[in-house]
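Some notes on the structure that comes next.
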Amino acid sequence: MLITAPKVGHLPITGKTKVLGIIGDPVDHSVSPAMYNAVFRKLKMDAVYVAFRVPKDEVAAAIRGVRAFNIQGLNVTIPDKTEVIKYLDEVEPIAKEIDAVNVISNKNFKLKGYNTDGPGAMKALRQKNVVLRGKRVLLLGAGGAAKALSYYVLKEADQLEIMNRTLKNAEALAETLRNRFAKKIIVSKLTSQSLKKSLRKCSVLINSTSVGLHNGLNESLVNPHDLRQDMVVFDIVPRITKLIKDGENAGAKVINGFDMLLHQGVLGFKVWMNTEPPFDVMRNAIRTASST
Ligand code: ATR
């Protein structure tokens, strides 16, 4: 009897196939498998990328698994980005400072952590011709993604307001940032009133909370009436969210989480494979996966 190997696209999975993947919770909506597997197919690489649902309390076991199975590379997403750090052999300085890792490489069983959230976000902004210099940016959230983004935003923007549901998390982030940047950093508690007031003063809004991740089109922190045509609305959640739809309806310039994911994806691929991936293949794969 002839047994044919299972296929991912046209590539057979063999005993030599390299395994990469994403850990986080939830991951079932992730378009990363589609994005990376499209590149592997295009470049005829003997590799496959899969999603592993790993809640925070299973991160230690998952990283032991990465070593045991010799998984070649990982992305890390909510809620594991900070937790994962203590199980790695090495972490690049900026990721250590940000206290969040979203890419892990495995070179001869030595696991190294990186953070491509900030650079990915800045590339997504630049691609849509958004200039932060001279601007006041309102950042919603103070978690791992907010930490990563705020560092890069402050390199360019004039003022940053960090607004968060839990004020003390925003204060802690601002404290770290003030040690590094001599710029105006404002902290406030996220309420519908404070948000309304702050939106009047800012021209760039970035949502780095997880609101929209679970229930994309039905939840948003922002009242659509507070969005304006002269604003940039950037939602890092990799879904088409209510905030993105509301931003489009208001005539604002919108940048969605897929734009950021694409640029992060390029950076992650370079870390693992030491080569530039085909950008258009990744973009098309994201488009197709996100519309199904
Ligand atoms: P990530 O690593 O992606 O940033 P995280 O570290 O878990 O994920 O951070 C999630 C962010 O979303 C936090 O700023 C969180 O606010 P708290 O600091 O108050 O927890 C924010 N967040 C999550 N759910 C939210 C909600 N329903 N309303 C407002 N903010 C929310």
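Both counts, for ligands and for their atoms, begin at 1 and track the order of listing. In what follows, every heavy atom counts, from backbone to side chain, and hydrogens, waters and symmetry copies are set aside.
Among protein heavy atoms, the minimum distance from atom 28 (N) of ligand 1 is reached at Val211 CG2, 3.6 Å. Protein heavy atom closest to atom 4 (O) of ligand 1, with residue, atom name and distance, is Ala145 N, 2.8 Å. The nearest heavy-atom contact from the protein to atom 19 (O) of ligand 1 is Thr166 OG1, 2.5 Å. What sits closest to atom 6 (O) of ligand 1 on the protein, heavy atoms only, is Gly144 N, 3.0 Å. Looking only at heavy atoms of the protein, atom 24 (N) of ligand 1 is closest to Arg165 NH1, 3.5 Å. When hydrogens are left out, the protein atom nearest atom 21 (C) of ligand 1 is Thr209 CB, 3.6 Å; that is the closest non-hydrogen contact.
We find the NZ-CG distance between Lys110 and Leu88 to be 11.0 Å, quoted to the nearest 0.5 Å. Rounding to the nearest 0.5 angstrom, the gap separating the CZ atom in Arg228 from the SG atom in Cys202 is 6.5 Å.
Of the candidates Ser210, Gly143, Ala170, it is Ser210 that places a heavy atom closest to atom 23 (C) of ligand 1.
Taking every heavy atom of Gly141 and a limit of under 4.0 angstrom, the matching atoms of ligand 1 come to 14 (O). If you number the atoms of ligand 1 from 1 as listed, the ones under 4.0 Å from a heavy atom of Ala142 come out as 14 (O).
A salt bridge links Arg67 with Asp89; the closest basic N to acidic carboxylate O contact falls under 4.0 Å. Electrostatic pairing of Arg136 and Glu161 counts as a salt bridge here, judged by a charged N lying under 4.0 Å from a carboxylate O. A salt bridge links Arg180 with Glu97; the closest basic N to acidic carboxylate O contact falls under 4.0 Å.
Under 4.0 angstrom from ligand 1, there are no non-hydrogen atoms of Pro79. By the criterion of a heavy-atom distance under 4.0 Å, the side chain of Leu221, and not its backbone, is placed next to ligand 1. Residue contacts with ligand 1, taken as heavy atom pairs separated by less than 4.0 Å, involve Ile78 solely via side-chain atoms from C-beta onward. Of all the heavy atoms of Asn164, the ones lying under 4.0 Å from any atom of ligand 1 belong exclusively to the side chain.
For the pair Leu132 and Val232, the minimum side-chain heavy-atom distance is 4.5 Å or more.
If you chain together hydrophobic residues whose side chains sit under 4.5 Å apart, Leu138 and Ile206 never meet in one group.
The side chain to side chain contact (heavy atoms under 4.5 Å, CB included) test with Ile22 singles out one residue from Thr77, Leu74, Asp80, and that residue is Thr77.
For atom 12 (O) of ligand 1, a protein non-hydrogen atom is found at a distance below 4.0 Å.
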Practice prompt. Just do the side-chain hydrogen bond (donor to acceptor under 3.5 Å, both in side chains) check on Asn75 and Ser32 with the steps written out, would you?
Written response: CA-CA 9 Å; Asn75 283 122; Ser32 295; 4.8 Å; no
